[in-house]
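Input: a single structure, listed below in structure tokens.
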There are 2 protein chains.
Amino acid sequence: MIVDRCENCPLKSKNAFVPLTGTEVDFMNGFKKGELAVEAGTTLVTEGSDAPHLYTVLSGMGMRYKTLEDGRRQVIGFILPGDFIGLQASVMGEAQNSVDAKTDMRLCAFQRRDLWTLFERHPDRAYDLVWMSAVEESFLGEALTTLGQRSGRERVAWALVKLFERLSALGLDDGERVPLPFRQQDLADSLGLSLVHTNKTLRALHGEGLATWVDGELEIGDLDALRDIALLAEEGFQPRPLI
Amino acid sequence: MIVDRCENCPLKSKNAFVPLTGTEVDFMNGFKKGELAVEAGTTLVTEGSDAPHLYTVLSGMGMRYKTLEDGRRQVIGFILPGDFIGLQASVMGEAQNSVDAKTDMRLCAFQRRDLWTLFERHPDRAYDLVWMSAVEESFLGEALTTLGQRSGRERVAWALVKLFERLSALGLDDGERVPLPFRQQDLADSLGLSLVHTNKTLRALHGEGLATWVDGELEIGDLDALRDIALLAEEGFQPRPLI
DNA sequence: CGGCTTATTGACGCTTATCAAAGCAGGTGG
DNA sequence: CCACCTGCTTTGATAAGCGTCAATAAGCCG
């Protein structure tokens, strides 16, 4: 049996892309609140606010960010289909960062109060949550390393490789091309670089035939060269280890 | 309390296999495997390695970091008493960063394989784990914002405030003084600044009577002024007691 | 005492931010 | 259909923050 409305929902199975069967369906029917469609530009979560909902991204892309009092903005990460939004906020009681939809998005929504039920009755699902949380934490550690240690050119290369590989793994690629519906300002804010410098770096990479990002599409010319620039070690896709 | 010997210990310190008889923390009844004492300088976890253990810090301090191929090092965070080490690695199967003891430390050690049992039988404890994970993720988001958006002076002020408040909350303070057994190089590596620039910034803050860090002790002269420099809003989440 | 690690300070220059302005597309209204 | 606006990208010029190099000083230890 397949639950078709949540085709990318990581919560529906230990393995994010395996359809549900039997009891899992019952569980999802009890936990799932509903589906939600939002337009590009919508703010899904606001930093500092109460966060009564959790979301799984079915389609579309978004951006997670924090803002300083004086307006400076740090993009914490880009949100792609399959990502989970609001776990941190639900557990801590208050959202620590904002989330904006950058394209139209479809979301799977849950109630925060159901989270405890999940832990009581579905330890395997709870374990999955911890796994997702660990993956996110791991990414943040990498990002921190990038901002702290890599040069501007290395940062841009790193970000392009990371985004390309995530999108490819989701099957959203068309050969060497993936959709990338963000602005240069967004990338700059995610890398701690100025817009101008980010633009010049992107132009340079384009001039060298390494990567081209126009009209919301990223085309990778030489992935290995980019990985070299970013000092990125070889890193296989990690299968989901249970126990 | 019965303290089990730490078996199959992967640690490198010559004293790694010495069990302790402490009674301070009995976190997670039935889950605890043993207590462990390590010397300053010991590497508790190595990036990329298998991580069969989880630790709770009873006393002492450490450092979590990642290294790039060419030797550049990013300090992800400082580890204080009460912190949890290895959850991420246990769940993901491989440690994403290394952990060094910067002072002698006493640790509470668990087996990775007991994690699943915890989820099955102690959902409340499992929920605590997610909470700790969320707090860590929240901190990483703040750190990322600091490296991405704050100037050198702002970064140093931010770090000093953060460390002072964490240590104070643990009751390790003596008025405006807290122990801070790290080197300037460690702080520099955590903030993405050079050692030289970090030193000059610290000297400047000292000259202004805002903070003095000598001989492993940090004394805060004017906490509010430091918070202003760091553009830090009022204190956020409250630490929640484990157990 | 010599060797080691860490803190400190000055000089210099590169990377990157900032300022400024122009091009370009899409949308709107006259 | 064209003028005009707005948001995004692109480019050049200039300056500053911060990294790098180099050297001294101070403590610790065998």
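Just the heavy atoms: all of them, side chains too, but no hydrogens, waters or symmetry mates, feed the values below. In the text below, chain A, chain B and the rest are named by the order of the sequence lines, each starting its count at 1. These numbers were taken from a predicted model, which means no experiment stands behind them.
When rounded to the nearest whole Å, the span between CG of B:Leu195 and P of C:dT9 equals 13 Å. Residue B:His197 contributes atom NE2, which lies 14 Å from atom C1' of C:dT15 at whole-angstrom precision. The distance from atom CG of A:Leu187 to atom P of D:dT9 is 10 Å, rounded to the nearest whole Å. Per the geometry, CG belonging to A:Leu191 stands 15 Å off C1' belonging to C:dA17, to the nearest Å. One atom, CG of B:Asp70, and another, P of D:dT20, lie 11 Å apart when rounded to the nearest Å. What separates CZ of B:Arg153 from P of D:dA16 is a distance of 18 Å, to the nearest Å. As rounded to whole Å, 13 Å separates atom C1' of C:dT5 from atom CG of B:Asp186. Here the C1' atom of nucleotide D:dA26 and the CG atom of B:Asp215 are 11 Å apart, to the nearest Å.
The phosphate of C:dA7 (OP1 or OP2) has no side-chain N or O of B:Gln185 nearer than 4.0 angstrom.
The one candidate from B:Asn199, B:Thr201, B:Thr198 that meets the side chain to side chain donor-acceptor pair (under 3.5 Å) condition with B:Gln184 is B:Asn199. When each of A:Phe164, A:Phe182, A:Tyr65 is paired with A:Phe78, the ring-ring contact (aromatic ring centres under 6.0 Å, His included) condition holds for A:Phe182 and for no other.
Of the candidate nucleotides C:dA17, C:dT9, D:dC8, D:dC8 has the atom nearest to the side chain of A:Arg183. The side chain of B:Arg203 sits closest to C:dT8 out of C:dT8, D:dG19, D:dT9. Of the candidates C:dT8, D:dT9, C:dC19, D:dT9 carries the atom nearest the A:Asn199 side chain, counting heavy atoms from C-beta on.
At a threshold of 4.0 angstrom between heavy atoms, the contacts of B:Leu202 with the nucleic acid are absent. Contacts of A:Gly192 with the nucleic acid, taken as non-hydrogen atoms under 4.0 Å apart, involve only primed sugar atoms and P, OP1 or OP2. Note on A:Val196: a base of the nucleic acid sits closer than 4.0 angstrom, heavy atoms only.
Residue B:Trp213 is the one, among A:Arg150 and B:Trp213, whose nearest nucleotide of DNA chain C lies closer to the 5' end (criterion: closest heavy atom).
Taking every heavy atom of both residues into account, A:Ala134 and B:Met92 meet most closely at O-SD, 3.6 Å. Shortest non-hydrogen contact noted between B:Arg150 and B:Leu232 is NH1-N, 4.5 Å.
Contact annotation: side chain of A:Lys200 to base of D:dG12, donor-acceptor pair present below 3.5 Å.
Ion pairing of A:Arg183 with A:Asp186 is present here, as a side-chain N (NZ or NE/NH1/NH2) and a carboxylate O approach within less than 4.0 Å.
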